[in-house]
**Student:** 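Input: one structure, supplied below.
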Amino acid sequence: QAQLMESGGGLVQPGGSLRLSCAASGILFSNYDMSWYRQAPGNSRELVAWIDRRSQTRYLASVKGRFTISRDNGANTAFLQMNNMKTEDTAVYYCKARHWSAMTDRADSWGQGTQVTVSS
């Protein structure tokens with residue numbers, strides 16, 4: 001199973017940018033779809049962005065055009081570039097890995113989460 005280590009969270013002002021990194025180990029990274037989720041207090045965890053092994057991407061509507069998910073298979077790392085950040089982006093962000101062939105979420109691997117706070 002994957003071990004996912006997230007980094008890059010922190011405090012940023014509205015309109016600012018952050019880049020989150022998710023370093024994976026214990027898996028053949030190129031065979032895994034990667035995604036970023038977030039969860040704000042009192043809210044459900046929501047899918048923010050997804051990238052498959054072919055580098056196809058999908059985004060939560062509210063972040064489309066502002067966030068970019070990418071991957072570097074050589075570095076076993078997925079990224080979430082967050083630009084023009086809004087206070088509504090404040091949440092704990094989680095990285096998830098799922099093998100491309102998985103039919104359920106039972107084998108999903110999750111990172112520990114990293115806090116992102118957007119505040120002036």
Side-chain angles (χ1 to χ4, degrees):
Q1 64 181 22
Q3 293 187 28
L4 306 179
M5 297 293 293
E6 296 165 283
S7 61
L11 176 65
V12 66
Q13 294 182 343
S17 298
L18 284 175
R19 189 178 78 155
L20 306 182
S21 298
C22 174
S25 61
I27 59 172
L28 185 58
F29 183 77
S30 61
N31 284 336
Y32 281 73
D33 299 342
M34 303 297 296
S35 57
W36 289 93
Y37 288 72
R38 68 186 182 189
Q39 187 167 20
N43 291 345
S44 300
R45 188 172 297 185
E46 63 182 351
L47 176 64
V48 176
W50 169 91
I51 183 167
D52 74 2
R53 64 189 182 119
R54 310 294 192 194
S55 292
Q56 299 179 107
T57 58
R58 293 198 288 262
Y59 296 92
L60 180 68
S62 61
V63 310
K64 191 171 180 62
R66 300 188 297 118
F67 290 10
T68 302
I69 189 170
S70 61
R71 64 192 296 155
D72 183 342
N73 288 344
N76 288 359
T77 303
F79 303 94
L80 185 67
Q81 178 67 47
M82 302 184 289
N83 297 327
N84 191 25
M85 298 190 71
K86 303 177 179 181
T87 57
E88 304 92 274
D89 297 322
T90 296
V92 178
Y93 284 71
Y94 299 90
C95 178
K96 188 190 79 176
R98 177 184 286 188
H99 194 273
W100 69 270
S101 65
M103 299 296 293
T104 72
D105 62 1
R106 293 185 64 185
D108 289 354
S109 296
W110 291 86
Q112 78 286 350
T114 184
Q115 177 70 50
V116 171
T117 302
V118 185
S119 177
S120 60

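These numbers come from the heavy atoms of this one structure, side chains and all, not from hydrogens, waters or symmetry mates.
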**Student:** Evaluate the side-chain proximity of Trp100 to Asp52: yes if any heavy-atom separation is below 4.5 Å, no if none is.
**Tutor:** no

**Student:** Taking Val118 as the starting point, is it possible to reach Tyr59 by hopping between hydrophobic residues whose side chains are less than 4.5 Å apart?
**Tutor:**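 Same cluster: Tyr59 reaches Val118 through Ile, Leu, Val, Met, Phe, Trp or Tyr contacts under 4.5 Å.
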
**Student:** Decide yes or no for Thr114 and Ser7: does some side-chain heavy atom of the first lie under 4.5 Å from some side-chain heavy atom of the second?
**Tutor:** no

**Student:** Might you point out which heavy atoms bring Leu4 and Ala97 nearest each other, and give the distance in Å?
**Tutor:**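 In this case the closest contact between Leu4 and Ala97 is CD1-N, 3.7 Å.
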
**Student:** Which heavy atom in Ala40 sits nearest to a heavy atom in Ala91, and how many Å separate them?
**Tutor:** N-CB, 3.8 Å

**Student:** Using the rule that two of Ile, Leu, Val, Met, Phe, Trp, Tyr join whenever any of their side-chain heavy atoms come within less than 4.5 Å, decide whether Val48 and Val12 are in one cluster.
**Tutor:** yes

**Student:** So that I can tick it off, tell me whether Asp108 and Arg98 are bridged by a salt bridge, with the cut-off set at under 4.0 angstrom between side-chain N and carboxylate O.
**Tutor:**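 Salt bridge between Arg98 and Asp108, a charged N being under 4.0 Å from a carboxylate O: yes.
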
**Student:** May I ask you to decide if Thr90's main-chain N or O and Thr117's side chain share a donor-acceptor pair within less than 3.5 Å?
**Tutor:** no

**Student:** How long is the gap from CG on Leu20 to CD on Gln81, to the nearest 0.5 Å?
**Tutor:** 9.0 Å

**Student:** Work out which heavy atom in Gly10 is nearest to a heavy atom in Leu18; give both atom names and the distance.
**Tutor:**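 Taking Gly10 first and Leu18 second, the nearest heavy atoms are O-CD1, 3.9 Å.
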
**Student:** Kindly give the heavy-atom pair with the smallest separation between Phe29 and Arg71, and that separation in Å.
**Tutor:** O-NH2, 2.9 Å

**Student:** Of the non-hydrogen atoms in Ser17 and Asn83, which two are nearest, and what is the gap between them?
**Tutor:**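 Closest approach of Ser17 to Asn83: OG-OD1, 2.8 Å.
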
**Student:** Count the heavy atoms of every other residue, nucleotide or ligand shown that sit under 6.0 Å from CD of Gln3, and state whether that count exceeds 12.
**Tutor:** no

**Student:** Roughly how far, to the nearest 0.5 Å, is the CD atom of Gln39 from the CD atom of Glu46?
**Tutor:** 9.5 Å

**Student:** So if you build clusters from Ile, Leu, Val, Met, Phe, Trp, Tyr with side-chain heavy-atom gaps below 4.5 Å, do Phe67 and Ile51 land together?
**Tutor:**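 Shared cluster, yes.
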
**Student:** Taking only residues two or more places apart in sequence, or in another chain, which ones meet Tyr37 in a ring-ring contact (aromatic ring centres under 6.0 Å, His included)?
**Tutor:** Trp110

**Student:** What I'd like to find out is whether the side chain of His99 reaches to under 4.5 Å of the side chain of Asn31, using heavy atoms alone.
**Tutor:** yes

**Student:** Roughly how far apart are Lys96 NZ and Leu47 CG, rounded to 0.5 Å?
**Tutor:** 7.0 Å

**Student:** Could you tell me whether Arg66 and Asp89 make a salt bridge, using a distance below 4.0 angstrom between a side-chain N and a carboxylate O?
**Tutor:** yes

**Student:** Cluster question for you: counting only ILVMFWY and a side-chain heavy-atom cut-off of under 4.5 Å, with indirect links fine, are Trp50 and Leu60 together?
**Tutor:**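 In one cluster with Trp50: Leu60, no.
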
**Student:** Tell me if a side-chain donor or acceptor on Glu6 pairs with a main-chain N or O of Gly113 at a distance below 3.5 Å.
**Tutor:**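 Looks like yes, one N/O pair under 3.5 Å.
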
**Student:** If we ignore hydrogens and angles and just use 3.5 Å, is the side chain of Arg38 paired with the main-chain N or O of Val116 as donor and acceptor?
**Tutor:**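 Judged by distance alone, no pair lies under 3.5 Å.
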
**Student:** Hey, could you give me the CG/OG distance between Asn73 and Ser55, rounded to the nearest 0.5 Å?
**Tutor:**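 OG of Ser55 is found 6.5 Å from CG of Asn73.
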
**Student:** Is a donor on one side and an acceptor on the other found under 3.5 Å between the side chain of Asp33 and the backbone of Arg53?
**Tutor:**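 Checking the backbone N and O of Arg53 against the side chain of Asp33, a donor-acceptor pair under 3.5 Å is found.
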
**Student:** How many angstroms lie between atom CG of Asn76 and atom CE of Met34, to the nearest 0.5 angstrom?
**Tutor:**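 One finds 9.0 Å between CG of Asn76 and CE of Met34.
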
**Student:** Side chains of Glu88 and Ser62, heavy atoms from C-beta outward: is any pair under 4.5 Å?
**Tutor:** no

**Student:** Do you know which two heavy atoms are closest between Ala78 and Trp36, and how far apart they sit?
**Tutor:**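 Ala78 and Trp36 have their closest heavy atoms at O-CZ2, 3.9 Å.
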
**Student:** Does Met85 belong to the same Ile/Leu/Val/Met/Phe/Trp/Tyr cluster as Leu80, with side-chain heavy atoms less than 4.5 Å apart forming each link?
**Tutor:**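 Yes; Leu80 is reachable from Met85 via cluster members.
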
